[in-house]
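Shown next, in structure tokens, is the structure this report addresses.
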Amino acid sequence: MIQLTKQPFDPGALLSGFCRGRAEVGAVASFTGLARAEAGATTLLELEAYPGFTEAEIHKIAEQARTRFDLADMLILHRVGQIAPGEPIVFVATAASHRREAFEACDFLMDYLKSRAPFWKKEHGPDGARWVEPRAQDHADVARWE
Amino acid sequence: MARVLLFGPLRDLAGWRERELAATSLAELRRLLGADDPALAEALSAPGVQVALDQAIVRGDATLSAAAEVAFLPPMSGG
């Protein structure tokens with residue numbers, strides 16, 4: 001399942017729900033990304049998506065993960081709108097028969113979400129607001145899979 | 001009327017998020033936007049700015065239907 005949400009979410013509850021009723025799966029890996037305060041420079045993060053297009057692009061990333069890894073299921077939840085430092089911004093969970101596939105698929109999904117998903121991020125702080133540029137490190141991370 | 005959508009820094013530069021324009025091609029739409037706001041037209045042509053027509057990325061010029069949705073997508077910062 002892929003979902004964008006304006007509401008804060010509880011990663012623990014999501015993980016519990018994702019694990020429930022899986023007698024044959026064997027392995028679940030998850031990742032939770034938190035909004036960073038950047039030593040006080042960011043008091044609020046604003047994340048903009050293009051409704052419809054952003055979900056479709058994330059679906060393409062998920063399809064790549066499905067082709068590449070032997071997954072039983074996956075869950076991707078991403079915040080949009082205004083996010084306070086410390087709040088979860090992204091949650092990814094993967095289910096597979098064995099841990100290696102689950103770990104690697106989770107890592108793959110996060111690298112692609114961080115570099116390829118259509119989001120625009122604005123950091124608000126005491127010195128004003130600025131749009132975040134794409135990070136070279138994110139592109140280097142995704143290149144590991146190519 | 002084509003529905004034009006701006007995202008990220010383009011929206012701040014233009015001072016609007018959404019506008020309707022009568023244009024039958026992307027080139028004409030760019031000309032109309034440029035006549036109104038040359039700085040915006042320049043930013044829309046900058047390297048790294050992608051154009052989505054009806055939610056699919058297009059390159060170069062394209063014909064616009066009456067109900068086309070044209071989105072200008074600046075470089076994405078990722079999630």
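Every chain is numbered from 1, with letters handed out A, B, ... down the list of sequences. These numbers come from a predicted model, not from an experiment.
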Assert top hit (heavy-atom pairs under 4.5 Å, partner chain B, pool S115(A), G52(A), G33(A)) equals G52(A)
What is the minimum heavy-atom distance between E48(A) and L6(B), and which atoms define it? OE2-O, 4.2 Å
Heavy-atom pairs under 4.5 Å with chain A - which of Q55(B), R11(B), Q50(B) has more of them than the others? Q55(B)
Just wondering, are more than 12 heavy atoms of other shown residues or ligands nearer than 6.0 Å to CZ in R99(A)? no
Heavy-atom contact with chain B under 4.5 Å, split by part of A56(A): neither
For R59(B), does the CZ atom sit with more than 12 other heavy atoms under 6.0 Å from it, leaving out its own atoms? no
Taking atom CD as the centre, does Q7(A) end up with more than 12 heavy-atom neighbours from other residues, nucleotides or ligands that are less than 6.0 angstrom away? no
Quick one: sort the W120(A) and F7(B) rings into parallel, tilted or perpendicular, breaks at 30° and 60°. parallel
Should the heavy atoms of other residues, nucleotides or ligands under 6.0 Å from CZ of F9(A) be counted, would the total exceed 12? yes
Are M76(B) and E57(A) packed together at the side-chain level, in the sense that at least one heavy-atom pair is separated by less than 4.5 angstrom? no
Region of K114(A) that comes under 4.5 Å of a non-hydrogen atom in chain B: both
Please classify the contact of V90(A) with chain B as side chain, backbone, both or neither, using a heavy-atom distance under 4.5 Å. neither
Sort L10(B) into side chain, backbone, both or neither according to what part of it lies under 4.5 angstrom from a heavy atom of chain A. neither
Are L113(A) and L75(A) in one and the same hydrophobic cluster, where Ile, Leu, Val, Met, Phe, Trp and Tyr link if side-chain heavy atoms are under 4.5 Å apart? no
Around atom NE2 of H139(A), are there more than 12 heavy atoms from other residues, nucleotides or ligands closer than 6.0 Å? yes
Find the one option among P74(B), A71(B), A52(B) whose heavy-atom pairs under 4.5 Å with chain A are most numerous. P74(B)
Can you tell me if E133(A) has over 12 outside heavy atoms packed within less than 6.0 Å of its CD? no
Between I58(A) and L14(A), is there shared hydrophobic-cluster membership here, with clusters defined by ILVMFWY side-chain heavy atoms closer than 4.5 Å? no
Report yes if some heavy atom in the side chain of F53(A) is under 4.5 Å from a heavy atom in the side chain of I57(B); otherwise report no. yes
Ranking R79(A), E46(A), R116(A), K121(A) by heavy-atom pairs under 4.5 Å to chain B gives rank one to K121(A)
Inspect the surroundings of CZ in R22(A) and state if more than 12 heavy atoms from other residues, nucleotides or ligands are less than 6.0 Å away. yes
For the CH2 atom of W131(A) and the OG atom of S77(B), what is their distance to the nearest 0.5 Å? 8.0 Å
